[in-house]
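Data first, discussion second: the structure below is written as structure tokens.
Residue numbers run from 1 in the order of the sequence given.
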Amino acid sequence: MIGTNPRRPQRFPAALLCVGLVSGIGIVFAACGGGGGGGGGSGNAAPFLVTAAFVGAGPSPAAGDTLILTFSETVTLASGALLTDADVTLSGGATLGTVATAPSLLSSNTVSVTLGSGVAFAPATTTITLRTAGSGGGNDVVRDASNQLGVAGTAVVIGTSDGAAPAIGNLTIAAIDDALNGTGSAGGTLQIPANGFTLDLAYSDNSAIATALTTITASVAVSTSSGSQPAGTNLLSFLTTVTATNTAASYQVPSTVTFPAGAVTFSAIVADVSGLGSATSTFSATVRAFTATLQPFETTNNSSQVWFLDFSRDIESFTTSAIAGGVSVDITTGSNGTSDFEDMLRVLGFTTATPIANVQGGLDSNQVVIARWKQALVDNLDAFYAGANIDFTLTQPGGTFGGSSSVPYANLGFSRVSVCGASDLAGVLGVAIFDPNNATQNDNSVTDFGGTRLGIFLHTIVDSGFGPPSSSLFRQTYGTFAPSLTGTPIGDDADDDDRLTGVNTDARADAIDTALADFARFIAVVTAHECGHSMGLVQNGAMPTGLYGNDSTNFPGSSDGHIRNTGLFPAGATNIMSPSLSYTTAINAATAFNTLNLAYLREQVLYGN
């Protein structure tokens, strides 16, 4: 739940309330009421060559010039040994010449070879790879930390160095911000399923990235459609490329690839088009197989999590009265034959007692406005939950809760939330059942959940918004239409039919569009927040126990079941699961779930033991 007494002044001190299934009520203002630590696993496979670049004074190699070799992992060099033609395979009869100087390490995974007299190869044409040691010779110079000799891999074309190696700025899972992935001050270790997540890289270079040469390895053996791949194998060909550009890449682990349970460290190297490779970047996580208990949207019985948006509650009606500097929206208890939702739209001036007939498809102006607003609500919710196995519907699905507020997940095909009038708690925007890991289907339309109404409450924001000052964005947006603020309701102007259909595009038409869109956006944020609680957001504690809820030390302003991440959003925007919410932050286009909350909803991370 969101409380009405914020820590600092808010324009709209309205709160969201989330009710715990077991432990009671969590209170917050204006909303309802990680990481890369850990790791380990088995040793890497033998190192292999990732990329190669020629460095010289002219376009063709000469004695004393340099060949830069980047390997798939940290390597060491045999003391005093020379890296010669015997250690590598070069195409087209090329040669490193008579090498007379021992190679050196430029970085943990990069080796510099000084070319000898008689060197001959063609940059951009000649390919090179290590030669696996055997009875006929082979690499005896390059080893990894466990003393395994480097082996032959896919031959790479020798490029011409552009003078600056690429650098990986970030490696993470599911695009989760560092503050939430365990590498930040909040600590923790991301817990991920065996597949389905993405590996995300951000990098930079002074030219361009050769994305086909990207190397991604794991510290454990991995099951693939081509059999088990030893630790240290380049997994790029087994992953699905979501995007790969000159600045970033995202690779999804498909269902054909399975990581074993336990600690894992991912490693990534990128190469540029000149043949230079980056240092190795690593990220550690813990793999845990989904169970029906831990998986939020288990699909054995239900193909997706369905949310029915219920607008039918009718337990009160509303009038308005003047107050100093504004208007109060007053509540009259008792059904009046019209849903409380529609009563609130009448107060806002979205509908009128005398609607214009036959505006569109046989619908009058009231019906057009309501249909348009509801669709905007659903569209916003779909955008907030993009990529998650969650659907919102305006149509009542089959089945009932049978008088229960929650039923086992497999026993019903949907959850429900009421979009309605007033809360029975002062200043509350929404109340929902908190359901860790989405273990049940929940009925957030109950009017007596331990003495408290559940639902999304339009009255709270309208009553607050109609108050002073008159210069508030809320008053400026809705005062044009609200009759209590001397506005003209939609449908009371004879030209509103053309405005609703787009024929008339004057200033009032723009005002109608803005009012409907912004109010739908605001209520969508509140609804997304409350439904989020009923699907397991935001469990307290660091990953893998929780999703950093209630960590006010590392995320100031967080509270029980909520997390504030001001620094992760543009100015004026907020995390949907923040403990406080203003009208302006809610309608900001950048307001969304934080990256960890969204990764949980997309089942790319999981919490709990």
Side-chain angles (χ1 to χ4, degrees), residues 44-166 206-207 210 213 215 232 269 271-280:
N44 287 333
F48 55 88
L49 188 62
V50 173
T51 189
F54 157 67
V55 181
S60 300
D65 288 343
T66 302
L67 184 65
I68 307 298
L69 305 176
T70 300
F71 291 91
S72 59
E73 58 176 299
T74 295
V75 295
T76 62
L77 300 174
S79 179
L82 302 179
L83 197 154
T84 69
D85 288 349
D87 298 287
V88 299
T89 300
L90 292 156
S91 65
T95 177
L96 302 180
T98 305
V99 175
T101 304
S104 61
L105 285 173
L106 298 182
S107 71
S108 63
N109 67 323
T110 305
V111 174
S112 174
V113 179
T114 301
L115 302 171
S117 60
V119 59
F121 60 79
T125 300
T126 301
T127 63
I128 184 173
T129 184
L130 284 180
R131 181 176 299 177
T132 301
S135 58
N139 168 50
D140 60 0
V141 179
V142 180
R143 298 175 181 268
D144 67 10
S146 60
N147 208 37
Q148 295 182 99
L149 287 167
V151 297
T154 302
V156 297
V157 176
I158 300 174
T160 298
S161 169
D162 61 11
N206 66 336
S207 55
L213 297 181
T215 298
I269 298 169
D272 67 17
V273 293
S274 80
L276 294 176
S278 71
T280 303

Q: Report yes if the side chains of Leu105 and Val75 come closer than 4.5 Å at any heavy-atom pair, otherwise no.
A: yes
Q) For the side chain of Asn139 and the backbone of Val151, is there at least one donor-acceptor N/O pair under 3.5 Å apart? A) no
**Q.** Heavy-atom side-chain proximity of Val141 to Leu82 below 4.5 angstrom
**A.** no
Q: Considering non-hydrogen atoms only, spot the tightest contact between Ala78 and Asp140 and give its length.
A: CB-O, 3.7 Å
Q: Output all residues satisfying side chain to side chain contact (heavy atoms under 4.5 Å, CB included) with Val119, sequence neighbours left out; order by chain, then residue number.
A: Pro61, Leu115, Phe121
Q. Can you check whether Phe48's main-chain N or O pairs, donor with acceptor, with Ser72's side chain at less than 3.5 Å?
A. yes
Q) What side chain to side chain donor-acceptor pair (under 3.5 Å) pairs are there with at least one residue in residues 153-163, not counting sequence neighbours? A) Asp162-Ser207, Asp162-Ser274
Q) Does a side-chain heavy-atom distance below 4.5 Å link Ile128 with Thr126? A) no
Q) After noting the C-alpha distance and the side-chain angles of Thr66 and Val113, does the key distance pass the side chain to side chain contact (heavy atoms under 4.5 Å, CB included) rule? A) CA-CA 6 Å; Thr66 302; Val113 179; 5.9 Å; no
(Q) For Thr125, give me all partners under side-chain hydrogen bond (donor to acceptor under 3.5 Å, both in side chains), at least two apart in sequence or on another chain. (A) none
**Q.** Euclidean distance, Thr114 OG1 relative to Leu83 CG, rounded to 0.5 Å
**A.** 11.0 Å
Q) Looking at residues at least two apart in the chain, or sitting in another chain, which of them share a side chain to side chain contact (heavy atoms under 4.5 Å, CB included) with Asp85? A) Leu90, Thr95, Leu96
**Q.** Ser107: side-chain hydrogen bond (donor to acceptor under 3.5 Å, both in side chains) partners, not counting sequence neighbours
**A.** Asn109, Thr110
Q: Identify, with sequence neighbours excluded, every residue that meets side-chain hydrogen bond (donor to acceptor under 3.5 Å, both in side chains) alongside Asp65.
A: none
**Q.** For Val156 against Ala52, the heavy-atom pair lying closest together
**A.** CG2-N, 4.1 Å
**Q.** Test item: Val142 and Leu69 side chains (from C-beta on) under 4.5 Å apart, heavy atoms
**A.** no
Q: Please round to the nearest 0.5 Å and tell me the distance separating atom CG of Asn206 and atom CG of Asp272.
A: 7.0 Å
Q) Taking all atoms of both residues into account, what is the closest heavy-atom pair of Val111 and Phe71, and its distance? A) CG2-CE1, 3.7 Å
Q.
Can a donor-acceptor pair be found, under 3.5 Å and without considering hydrogens, that links the side chain of Ser91 to the backbone of Thr127?
A. yes
Q: Please list, chain by chain and in numerical order, all residues satisfying side chain to side chain contact (heavy atoms under 4.5 Å, CB included) with Ala165, sequence neighbours excluded.
A: Leu276
**Q.** Distance-minimising heavy-atom pair for Glu73 and Ala45
**A.** OE2-O, 2.6 Å
Q: Determine yes or no for a side-chain-to-main-chain donor-acceptor pair under 3.5 angstrom, with Thr129 supplying the side chain and Ala152 the backbone.
A: no
Q) Taking all atoms of both residues into account, what is the closest heavy-atom pair of Pro59 and Phe54, and its distance? A) O-CE2, 3.8 Å
Q: Could you tell me which residues satisfy side chain to side chain contact (heavy atoms under 4.5 Å, CB included) with Arg131, sequence neighbours excluded, listed by chain and number?
A: Thr89
